[in-house]
Amino acid sequence: MSDHWFRRLLREPLLHFVILGATVFGVSRLTQSTDDDVIIIDAAVEARIDAELEQALGRPPTTAEHEQGLARWADGERLFREGLALGLDQGDPMVRKRVLQKMEFVATNLELPPDPDDATLEQFMGSHPERYAGTPRFDFVMVTVPRLPEDTDDARAQVVLRQLQAGTDPKDVEGRKSSGKRFSAANTAKTYGPHIAEALEGATVGEWIEVPFDRGWSLLRLDSTQLGETRPLSEMRNRVLLDWKAAQRADAIERRLVQLRTQYPTRRVP
């Protein structure tokens, strides 16, 4: 039988602290028990252990393997409870992270509504247009200043850039004027080069910028960015559903935290 499940338990940092704590503080509690200390093995526990064993073994466990798995689980539960009793969970960031993750899971799964209908998903899409819009489109104006043999720097391009920034009409400055209307990044790269497409994606509307390339300089002004056409829900339902569920989980956690902030207030001390 594979010992993968038990070896995984032995690698848990909390278990190491438990064993150390039992050694340091003694084993007096292990020799005493009350009804509250009884470890209950119900059908849910047996089913979970069998599922873990089947996943590890690649087949259903035998009766002996089933009993051995339950014994190992019970021993792990004993060590875990003793560790909590000794306070070994306190101050451990890994334990804290695990508890937070489980609490978030509990909070969301208790409060999540059933899967939504298409009307709800359509409404969700409409409230987040930027998330589901197609490729953005750009309107821009560009003046290209070619590099001349005598150019050793971008001084000529800088002169033109300052003229444009001062409000001079692009038709009245040195260089070749061009423009684009509702150009996608792909169309821009194909027509004017990838350096222009990349610059547009990071540009500020209304500002002239200099974009150098191997044959000169492009002086570029982004006039507007429009969201692309949104694809219908039928083409992206799975993505929208996952986003909707993530939003519902975040809302459920926040609602729970609103309650807990009152129940567990904070106090700062010097």
Side-chain angles (χ1 to χ4, degrees), residues 93 96-144 164-165 167 169-170 177-211 213 218-266:
R96 184 177 187 274
K97 182 178 180 180
R98 289 284 185 87
V99 173
L100 285 175
Q101 290 173 339
K102 287 197 171 186
M103 187 60 206
E104 289 178 354
F105 177 82
V106 170
T108 56
N109 280 272
L110 289 177
E111 299 185 32
L112 280 183
D115 281 358
D117 55 20
D118 284 1
T120 301
L121 293 181
E122 291 277 9
Q123 183 179 7
F124 182 79
M125 287 179 66
S127 62
H128 302 85
E130 73 290 342
R131 186 180 300 178
Y132 304 107
T135 304
R137 304 284 175 163
F138 305 106
D139 291 351
F140 60 92
V141 177
M142 182 169 62
V143 175
T144 301
L164 293 169
Q165 290 173 335
D169 192 306
K177 177 182 178 296
S178 56
S179 63
K181 289 290 186 182
R182 293 190 59 79
F183 267 57
S184 67
N187 288 340
T188 303
K190 182 178 180 180
T191 306
Y192 296 107
H195 62 295
I196 298 300
E198 183 177 350
L200 284 173
E201 292 182 340
T204 301
V205 173
E207 293 186 4
W208 284 99
I209 59 173
E210 178 185 329
V211 186
F213 66 107
S218 295
L219 308 176
L220 183 67
R221 184 188 71 200
L222 174 64
D223 288 336
S224 68
T225 302
Q226 303 100 37
L227 295 178
E229 184 177 352
T230 302
R231 290 156 52 196
L233 176 62
S234 59
E235 295 182 11
M236 54 172 46
R237 193 179 195 284
N238 287 340
R239 175 188 169 189
V240 178
L241 179 60
L242 289 174
D243 289 348
W244 181 87
K245 286 183 176 181
Q248 297 302 309
R249 283 193 291 271
D251 289 345
I253 291 173
E254 181 58 29
R255 287 194 300 270
R256 183 62 174 146
L257 284 172
V258 168
Q259 300 171 351
L260 294 176
R261 286 170 190 147
T262 301
Q263 184 175 347
Y264 301 101
T266 58

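- Taken from CD1 in Ile209 to OG1 in Thr204, the straight-line distance is 8.0 Å, to the nearest 0.5 Å.
- Counting all heavy atoms, side chain and backbone alike, Phe140 lies closest to Leu222 at CB-CA, 4.3 Å.
- To the nearest 0.5 Å, atom CE of residue Met125 and atom CZ of residue Arg239 are 8.5 Å apart.
- From Phe138, atom CZ reaches atom OG of Ser179 across 15.5 Å, with rounding to the nearest 0.5 Å.
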Quiz prompt | Test log, rule side chain to side chain contact (heavy atoms under 4.5 Å, CB included), inputs Thr144 and Phe213 | solution = CA-CA 10 Å; Thr144 301; Phe213 66 107; 3.9 Å; yes
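- In this structure, Glu122 places its CD atom where more than 12 heavy-atom neighbours from other residues, nucleotides or ligands lie under 6.0 Å away.
- Expressed to the nearest 0.5 Å, how far CD of Glu207 lies from CG of Asp223 amounts to 12.0 Å.
- In terms of heavy atoms, Glu201 sits closest to Ala185 at OE2-CB, 3.5 Å.
- Looking only at side-chain heavy atoms (C-beta outward), Asp139 and Arg182 come within less than 4.5 Å of each other.
- A distance of 6.5 Å separates OG of Ser224 from NZ of Lys181, quoted to the nearest 0.5 Å.
- Across every non-hydrogen atom of Ser218 and His195, the tightest pair is OG-NE2, 4.1 Å.
- Within the 4.5 Å cutoff, no side-chain heavy atoms of Val211 are placed close to those of Glu198.
- Between Tyr192 and Phe183, the angle of the ring planes lies from 30° to 60°, which puts this pair in the tilted group.
- The number of heavy atoms from other shown groups lying within 6.0 Å of CG (Asp117) is above 12.
- Around the CD atom of Gln165, the shell of radius 6.0 Å holds more than 12 heavy atoms that belong to other residues, nucleotides or ligands.
- Across Leu121 and Pro116, no two heavy atoms sit closer than the pair CD2-CG, 3.5 Å.
- Summarising the geometry of Tyr132 relative to Val240, their closest heavy-atom pair is CE2-CG2, 3.7 Å, with the distance given to 0.1 Å.
- Here the closest non-hydrogen pair linking Thr135 and Ser184 is CG2-CB, 4.0 Å.
- Separating the CG atom in Leu220 from the CG atom in Leu200 is a distance of 5.0 Å, to the nearest 0.5 Å.
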Practice problem: Apply side chain to side chain contact (heavy atoms under 4.5 Å, CB included) to the pair Asp115 and Lys245, showing each step before the final yes or no. | Solution: CA-CA 8 Å; Asp115 281 358; Lys245 286 183 176 181; 3.2 Å; yes
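- Aromatic pair Phe124/His128: ring centres closer than 6.0 Å.
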